[in-house]
Amino acid sequence: MEHRGLDAYGYFEREGSLGTVPDEFRGVVAAARERIGEAYGRRLHSAYLYGSVPRGTARPGSSDLDLLLVLHRAPADRDRDAADVLALGLDEDFAQIDGAGILLQDKATVLSEAERFDLGWFLACLCTPLLGADLAEHLPRYRPDSLLARETNGDLADVLPAWRTRAREASTPDEQRKLSRIFARRLVRTGFTLVMPRWGGWTSDLAESAEVFGTYYPQRAAQMRAAAAVALDPVADPALLRSYIEDLGPWLPDEYTARHGTKTPRA
């Protein structure tokens, strides 16, 4: 039987580990651990890696470093400023990464009932512990069901207006390339979670995600495969951005709502 990222009981297996970090990225991971501790001290509850680096699929010079920092209390301005400085410093000091992204959350929010099938699932299943006590010990096991699909990616319609503004304001090729990667990643991941309950498994591989999606929506398969390629190798193409925000982007949330409903509003 195909593995599909689940254990023998049909629950998600946590993806990634410090042991699978590629050798080229071990230095930046070690530096991130040290600098996080210095920047946040006792304000930090725990820190996690996620994305291609802990999965072992990162490409030197083109992959970014993704970090989730969980604080004891809600992030304040000084915490956000520290994250900006930390991300910039890692990007400047390590040519292996093409940028660093840092998510800031607090312990109460991650463990809240409202976030049980969104942030909670994300931490428990897609994040690799780097510093501090692992909050996954306080979270349930997860299955690839419709509830999870709705609560993780059932809000694409809400972000489309901001995407249109960002695309309109992107005036340089570099800005357009960055947006093409951001938009394409979100579209592919949303397309995959749309069909995840029917497929009955999990993958973070974007190319595989597009292929899985295409088996259920062959009329959109080529479009999703192309988006997966752009997510890995972004391009500066305003017409492509328009196609994302005026065609594939609006179609996905309509189909998502029909299949899974809309994401529960957050306070």
Side-chain angles (χ1 to χ4, degrees), residues 4-5 12-36 44 46-70 83-84 86-105 110 115 118-132 134-136 139 142 144 148 152-153 156 159 177-193 196 201-210 212 227-234:
R4 297 193 178 184
F12 281 81
E13 292 183 329
R14 199 174 201 173
E15 67 173 23
S17 72
L18 295 181
T20 57
V21 172
D23 290 342
E24 300 93 332
F25 292 87
R26 292 191 179 277
V28 64
V29 169
R33 182 192 290 111
E34 180 179 353
R35 296 181 190 187
I36 290 167
L44 180 76
S46 48
Y48 307 82
L49 289 171
Y50 67 95
S52 61
V53 172
R55 290 199 305 269
T57 59
R59 300 181 298 168
S62 60
S63 294
D64 50 6
L65 181 72
D66 295 310
L67 295 159
L68 168 64
L69 308 185
V70 181
D84 291 341
L86 178 61
L88 181 61
L90 290 170
D91 187 34
E92 290 179 342
D93 294 344
F94 293 91
Q96 296 94 323
I97 60 172
D98 181 21
I102 299 178
L103 299 178
L104 286 178
Q105 291 293 340
V110 172
E115 294 293 343
D118 192 1
L119 272 175
W121 163 79
F122 172 69
L123 183 146
C125 298
L126 304 186
C127 290
T128 296
L130 182 65
L131 271 175
D134 184 8
L135 285 176
L139 292 163
Y142 295 88
L148 182 63
T152 54
N153 280 310
L156 180 61
V159 306
R177 275 191 294 271
K178 289 180 179 178
L179 287 185
S180 74
R181 179 162 70 172
I182 292 169
F183 292 2
R185 282 181 174 182
R186 179 65 184 272
L187 291 172
V188 174
R189 287 171 178 153
T190 301
F192 171 73
T193 51
M196 173 187 67
W202 176 262
T203 179
S204 286
D205 182 277
L206 294 175
E208 184 180 17
S209 296
V212 171
V230 170
L232 295 173
D233 293 299

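Using a 4.5 Å cut-off on side-chain heavy atoms (C-beta onward), I36 and I102 make no contact. Between S204 and E15, the closest side-chain pair of non-hydrogen atoms falls below 4.5 Å. Proximity of W202 to M196: side-chain heavy atoms (C-beta onward) are separated by under 4.5 Å at one or more points. By the 4.5 Å heavy-atom criterion applied to side chains, F25 and I97 are counted as neighbours. Side chains of L67 and L90 form a contact here, defined as non-hydrogen atoms less than 4.5 Å apart. When side chains are defined from C-beta on, R186 counts as touching L156, because their heavy atoms get closer than 4.5 Å. Side-chain contact between Q105 and L68: present, with at least one pair of heavy atoms (C-beta onward) separated by less than 4.5 Å. Side-chain contact check for P60 versus E24: some heavy-atom pair is nearer than 4.5 Å.
Residues Y142 and A124 come closest through the heavy atom pair CE1-CB, 4.0 Å. The shortest heavy-atom contact between P234 and S180 is CB-OG, 3.2 Å. Across A47 and L69, no two heavy atoms sit closer than the pair CB-CD2, 3.6 Å. The two residues A100 and A87 make their nearest non-hydrogen contact at O-CB, 3.6 Å. Contact detail for D91 and G99: the closest heavy-atom pair is OD1-N, 2.9 Å. Residue F192 comes nearest to S209 through the heavy atom pair CB-CB, 3.7 Å, listed as atom of the first residue, atom of the second, then distance.
In this view, R59 and S62, S63, L232, D233 satisfy the side chain to side chain contact (heavy atoms under 4.5 Å, CB included) rule, not counting sequence neighbours. D64 pairs by the side chain to side chain contact (heavy atoms under 4.5 Å, CB included) definition with D66, R181, R185, not counting sequence neighbours. In terms of the side chain to side chain contact (heavy atoms under 4.5 Å, CB included) criterion, residue partners of T128 (sequence neighbours excluded) are, by chain and number, L18, L49, P54. Take R189 and apply the salt bridge (charged side-chain N to carboxylate O under 4.0 Å, His left out) test, not counting sequence neighbours, and it matches no residue. Listed by chain and residue number, E92 satisfy the side chain to side chain contact (heavy atoms under 4.5 Å, CB included) test with L88 (two or more places apart in sequence, or in another chain).
Among residues at least two apart or in separate chains, side chain to side chain donor-acceptor pair (under 3.5 Å) pairs with a member in residues 93-102 are R35-D93.
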Between L135 and S46, is the side-chain contact (heavy atoms from CB on, under 4.5 Å) condition met? List the steps. CA-CA 8 Å; L135 285 176; S46 48; 4.2 Å; yes

Quick one: do D134 and L123 satisfy side-chain contact (heavy atoms from CB on, under 4.5 Å)? Show the steps, please. CA-CA 9 Å; D134 184 8; L123 183 146; 4.0 Å; yes

Determine, stepwise, if the pair W121 / L126 fulfils side-chain contact (heavy atoms from CB on, under 4.5 Å). CA-CA 8 Å; W121 163 79; L126 304 186; 3.5 Å; yes

Step by step, work out the side-chain contact (heavy atoms from CB on, under 4.5 Å) result for T20 and T57. CA-CA 9 Å; T20 57; T57 59; over 6 Å; no

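Aromatic ring centres of F122 and Y50 lie closer together than 6.0 Å.
In this structure, L119 CG and C127 SG are separated by 9.0 Å, a value rounded to the nearest 0.5 Å. Note that CG of L131 is 6.0 Å distant from CZ of R33, once rounded to the nearest 0.5 Å.
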